[in-house]
Each structure stands twice: as C-alpha cells, then as structure tokens.
Amino acid sequence: MLNWNNLDTLASYQELSKAGCVKLAEVMSGENGAERVRNYSIPMAAGLTFNYAAKQVDDEVLAALGKLADEAQLLDKFKALYNGEVINTGEKRLVLHHMTRGQLGDAVTADGVDKRAFYAEQQEKIADFANKVHAGEIVNGAGEKFTTVVQIGIGGSDLGPRAMYLALENWAKKNDLFKMEAKFISNVDPDDAAAVLGSIDVAHSIFVLVSKSGTTLETLTNESFVKDALANAGLDASKHMIAVTSETSPLAKSDDYLAAFFMDDYIGGRYSSTSAVGGAVLSLAFGPEVFAQFLEGAAEEDKLSKEEDVLKNPAMLDALIGVYERNILGYPATAVLPYSQALSRFPAHLQQLDMESNGKSVNRFGEPVDYVTGPVIFGEPGTNGQHSFYQLLHQGTDIIPLQFVGFKNSQIGTDVLIQDSTSQQKLCANVAAQIVAFACGKADENRNKNFEGGRPSSIIIGEALDPKALGALLSHFENKVMFQGFVWNVNSFDQEGVQLGKVLAKRVLAHETDGALKVYSDLLNI
C-alpha cells in the first residue's frame, strides 16, 4: 500500500537533517579528492556517467538518503506510475510518458486500448509518413519535395522538441542523416512567426501544428498567421500542414491537414518529446531511425530508475541529493550548465520540466506544505556562462548547486590545434577546472580575489552527444523531477499555475475588464 505523506512527517527526513554537512574544500583536495572522484560515480545508459563527487555528501548522508527513498516509497510509486495507476491526482489521469519509449511493467489499458500499442502505432505512422516525405511520395501542390519542417506549438510542444532538434542537428549533418531543416514558431508575438516565415521557402515547407486540445490560443493564432502566408503565396494550406493532437480534438479528422498523429491526456506537454510531439518533427528532420535511437537511449535509462540500490540509480540519487540541498542546506536554485553548444536550449527545456512540475505549494491533496519544494532552474552552455553569471555562482551571497554536462568528444570531429591543445580539450579543461574551483575555492588576502569554495556540483559525462545519449540524458532529468515530486508529496504532472493568466487574457481580449486590469489594457492599447 502506498503512503503519500509530507516530507516533514518522515522519520528519515529528521535523521537526514541531523547528518553533518561535508566540507567540500577538504574532501576534494589532494589524493583524497582524486579517490573520491573515482568512487562517487554511477554508470548511466548510452555510455554516460553521473559523477557526484563534488556534492556535499558522504557515507552518512548517502545512507540517510537511502532511508528517505525507502520510507517515501520512491520505487513503489514509480512502479505504480508505469503500471497505470492514477498518479496525476489534480487531473485524475494516468502518467504514461515512459510508455512512449518502452514498457517497464504491466500492460496498461486506458480508453479501451493498450497504451503501449497505441504509442507504438503512432510512431509507426509517423515513420511511414516521414519516409514518404523523404522519398518524394508526399509532395507539395506543385509535386515538389519538402525541404523544411516547421513546428507550431508552445510550452512543451516547443521547448523539448526544439532542444532535441538543436542537440542533434550537427550530429545528423556529420553522419549524413540530415533530411530537412527544422524551424519552430511558438510565441504569439507576431515577430516570431514573421521571422521564421521570412527565413524559409514556404512553398517547400511542411508545418506541424501541435495542440492536444486543438484550442491552444497561441498555437491557433500562429496557425492562422502561417495559413495567411501560404494563401498569400498562392498555396493550398491543407497540402502543407499536419496535426499532432488528441483523437477527440477538432483537428483530428479535419480536411485542413495532410495527416494527423495522436497523443493523449496521459502525457503532459513537458514530458512529450518522446511522443508524437517530438516524433513528427524529429523524424522528418533526421529520419525515423534516428528518432528510434533517441527512444532507445531513454528506455535504457528508464530501466535504471527501477534499480533498488540508490547508489546504482542515478536519477533517484540525483533527486535525493537535490532534496538534501533544497530542504536541509537551504539552497534556492540549481544551474544547469552543459559544456556542449548542441545543448544550448536544453536548460530552457529543463526549466519548464522542473519548475512547472514541482513549483507547487500544496501537496497531492491540496493541503499547504510547510517546506520548500522545487528550486529555480536556469542555465546556459559553457564556456559562455563563465563570462556571464559565473561571477555570482563563485562569489555571490547565495550558494547555487550546479549540474554540469560534458562530453569527451565533439559531435563534428573537426577541430583546431592552438597552443598545444584542441578546442574540445580547452572546453573539457574548463569544465574540469570549474568543478574544482567551485568546490575548493582559493584563499586570498584581497577579499575581491578570495573564493570561499564549498559550491557543490555534479557532472554527467559522455563520449559524445548522439541520439541515444540525448535520450538517456532526457530520461535522467525527467525521472529526477518525478522522484523529487514523490519526496515532496506534490503532484508533478499538472500545471494549474499557467491557467489564471490565460483566463485573464481572454477577459482582456473580450474587453471584459475593470480596475487595474483595464488600466494595464489601456496602457497597452488593447
């Protein structure tokens, strides 16, 4: 039987609060530090490794975290989730994004269908469609091949797929697997759609409209923008558009689209990159085989999240250390710092994934909690961030835990040797140096040049960023967020916090305003 209890009622949490805080400068110095780096490491899928040596944990803290995992029933709750229990209590829904890339447990039937079979069927339909587009069997009105795919969506229909596309774009080009350029329109700001449309040949572009409900205001507005552009070019929009939506939405069987591919209510937008939401655009851009490799990496990493030993379960350990940092050490934020330009939008995706999931102040039953929950997430790729916000990270008044991601090799393989080292070596040297600098600091009589150290970080290291590694990376963070939500006893799978602004915006557009809302509307000339 599952017990959904608040964190501060757990005996293991009280024990964790009494564990001593590790002094990083001491444990990371000298040969002890070298041994720690070698030992505080967990293998991940796709050749990745999660290293947490520069976190403020030791055997005592790790043991307490293990007890917390047991008392909070993290594995049992994960099992309940992938076996089809109603885990999204706010919307009374199953949570099935793991099933888009494999089956972790029992067969799950919902809406009268086997859900794994349903997701696999949609992927097969997308693969068939993409192959026909690439082969010139599906063409534009003039009988010419499409060369560009444009995704129209917002939130999880944009951030994840866009981050994944950018992560694999150069890899696909290097490996002769690049099929079509992808662009993304998300913001209802007309400048966004206009800029994208101005950068493409609309006659040779296929547009993917992503809206589960078929009623998303920003997305439908941008669809109209695109349809106007197609009409102005003398093109039939129905020969240039496909839909990714639910089977019950008004888009599902509309003649306005070449094809429709389906998702359902059991996959939240921020968890949808491995569903048809990411599948359509990524399969068109790189081919279905590349998307399948991406799914394979995610599925392999999902299986590691079933591991009972927390020291062999990278997502769970990462989650628990994050809870320790947030609730015991009091750190307010986490910076995600990929030392890979290909992951330039990955922090933005994780920002939504984490903050929309665990930015909650009530528990699963709607009762206020008396402890902090999800941290603020932000980040940029290294080394650019070093010349931006690292000043605050190194010497600011807040200690902000860091999550680095680094790869031994670049995606494209070409490099330049300058001053006895390549660009990739310089990149890797920077991330190694930053970890130690944050942890150990440097004493100086000049206080402006003094570094206190004691700034914790972890790093995920891989050989190179390819589809399987990207899938594993995505799964790691999705499962980390899930485990943290279980510990905090919040519902990580609804997002009521995004709704109020939408409701008020509709009132503004209908001119049903008064008070401050009316004055702001007048100031903006609405």
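A quick note: this is a predicted structure, and the numbers were derived from the prediction, not measured. Just so you know, residue 1 is the first one in the sequence shown, and it goes up from there.
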Asker: Does the distance from a Lys or Arg side-chain N to an Asp or Glu carboxylate O, for Glu307 and Lys312, drop under 4.0 Å?
Answerer: no
Asker: Do Asn51 and Val37 come close enough that some side-chain heavy atom pair is under 4.5 Å?
Answerer: yes
Asker: Start with the C-alpha distance between Ile42 and Asn313, add both sets of side-chain angles, then the distance that settles side chain to side chain contact (heavy atoms under 4.5 Å, CB included), and finish with yes or no.
Answerer: CA-CA 8 Å; Ile42 307 178; Asn313 188 325; over 6 Å; no
Asker: Side chain of Glu71, backbone of Leu10: donor and acceptor closer than 3.5 Å?
Answerer: no
Asker: In this structure, is the centre-to-centre distance between the rings of Phe486 and Phe78 below 6.0 Å?
Answerer: no
Asker: Do Arg326 and Gln484 have a side chain donor and acceptor closer than 3.5 Å?
Answerer: no
Asker: Over 60° means perpendicular and under 30° means parallel, so classify the ring planes of Tyr390 and Phe404, tilted if in between.
Answerer: perpendicular
Asker: Could you measure the distance from the CG atom of Leu470 to the CG atom of Leu166? Nearest 0.5 Å is fine.
Answerer: 10.5 Å
Asker: Is there a donor-acceptor contact under 3.5 Å from the side chain of Lys426 to the main chain of Ser421?
Answerer: yes
Asker: So, does Tyr82 use its side chain to make a donor-acceptor pair with the main chain of His98 at under 3.5 Å?
Answerer: no
Asker: Under 3.5 Å, is there a donor-acceptor pair between the side chain of Asp318 and the main chain of Pro314?
Answerer: no
Asker: With rounding to the nearest 0.5 angstrom, report the OH to CZ distance, Tyr52 to Arg36.
Answerer: 8.5 Å
Asker: CZ of Arg38: more than 12 outside heavy atoms within 6.0 angstrom?
Answerer: yes
Asker: CG of Asn222 to CG of Asp189: how many Å apart, nearest 0.5 Å?
Answerer: 9.0 Å
Asker: What closest approach, in Å, do Val210 and Ser157 show between heavy atoms, and which atom pair accounts for it?
Answerer: CG1-OG, 3.3 Å
Asker: Can you tell me how far apart CG (Asp302) and CG (Leu474) are? Round to the nearest 0.5 Å.
Answerer: 9.0 Å
Asker: Does Ala182 offer a backbone N or O that forms a donor-acceptor pair with the side chain of Gln151 under 3.5 Å?
Answerer: no
Asker: How far apart are the C-alpha atoms of Gln351 and Leu159, what are their side-chain angles, what is the distance that settles it, and do they pass the side chain to side chain contact (heavy atoms under 4.5 Å, CB included) test?
Answerer: CA-CA 10 Å; Gln351 189 175 60; Leu159 286 167; over 6 Å; no
Asker: Within a reach of under 6.0 Å around NZ of Lys306, are more than 12 heavy atoms found that belong to other residues, nucleotides or ligands?
Answerer: yes
Asker: Do Phe294 and Phe286 have ring centres separated by under 6.0 Å?
Answerer: no
Asker: Could Lys173 and Phe178 be counted as a cation-pi pair, given that NZ or CZ must be under 6.0 Å from the ring centre and within 45° of the axis?
Answerer: yes
Asker: Once the angle between the rings of His97 and Phe493 is folded into 0 to 90°, is it parallel (under 30°), tilted (30 to 60°) or perpendicular (over 60°)?
Answerer: tilted
Asker: Looking at CE of Met44 and CD1 of Ile461, how far apart are the two atoms once the value is rounded to the nearest 0.5 Å?
Answerer: 11.0 Å
Asker: Can a donor-acceptor pair be found between the side chains of Asn5 and Asn489 at a distance below 3.5 Å?
Answerer: no
Asker: Ignoring hydrogens and geometry, is there a side-chain-to-backbone donor-acceptor pair from Ser273 to Gly278 under 3.5 Å?
Answerer: no
Asker: Is a side-chain donor-acceptor pair under 3.5 Å present for Trp4 with Asn363?
Answerer: no
Asker: Is it the case that the side chain of Ser357 and the backbone of Ser492 share a donor-acceptor pair, with hydrogens and angles ignored and the cut-off at 3.5 Å?
Answerer: yes
Asker: Any side-chain heavy atom of Leu74 sitting closer than 4.5 Å to one from Val310?
Answerer: no
Asker: Quick check: do Phe407 and Asp466 have side-chain heavy atoms less than 4.5 Å from each other?
Answerer: no
Asker: Any chance you could measure Leu16, atom CG, to Leu62, atom CG, to the nearest 0.5 Å?
Answerer: 10.5 Å
Asker: Looking only at the side chains, is there a donor atom on one of Gln391 and Gln395 sitting less than 3.5 Å from an acceptor on the other?
Answerer: yes
Asker: Do the charged groups of Asp354 and Lys480 touch, with an N to O distance under 4.0 Å?
Answerer: no
Asker: Looking at Tyr371, I'd like to know if its OH atom is crowded, meaning that more than 12 non-hydrogen atoms belonging to other residues, nucleotides or ligands lie closer than 6.0 Å.
Answerer: yes
Asker: For a 4.5 angstrom cut-off between non-hydrogen side-chain atoms, does Trp171 reach Leu465?
Answerer: no
Asker: Considering only NZ, NE, NH1 and NH2 on the basic side and carboxylate oxygens on the acidic side, decide whether Arg101 and Glu478 come within less than 4.0 Å.
Answerer: yes
Asker: Write down the atom of Ala19, the atom of Tyr324, and the distance for their closest heavy-atom approach.
Answerer: O-OH, 4.5 Å
Asker: Could you tell me whether the side chain of Gln499 and the main chain of Glu496 form a donor-acceptor pair under 3.5 Å?
Answerer: no
Asker: Closer than 3.5 angstrom, by distance alone: can the side chain of Lys77 be matched with the main-chain N or O of Leu2 as a donor-acceptor pair?
Answerer: no
Asker: For Lys303, does the NZ atom sit with more than 12 other heavy atoms under 6.0 Å from it, leaving out its own atoms?
Answerer: no
Asker: When you compare the side chains of Glu452 and Asn450, does any donor N or O come within less than 3.5 Å of an acceptor on the partner?
Answerer: yes
Asker: Side chains of Ser475 and Asn479: any donor to acceptor distance under 3.5 Å?
Answerer: yes
Asker: Determine whether Tyr339 and Gln424 make a side-chain contact, defined as any pair of heavy atoms from C-beta on separated by less than 4.5 Å.
Answerer: no
Asker: Would you find a donor on one side and an acceptor on the other, under 3.5 Å apart, between the side chain of Asp494 and the backbone of Thr89?
Answerer: no
Asker: Taking atom types as modelled and ignoring hydrogens, do the side chains of Ser423 and Asp415 form a donor-acceptor contact shorter than 3.5 angstrom?
Answerer: yes
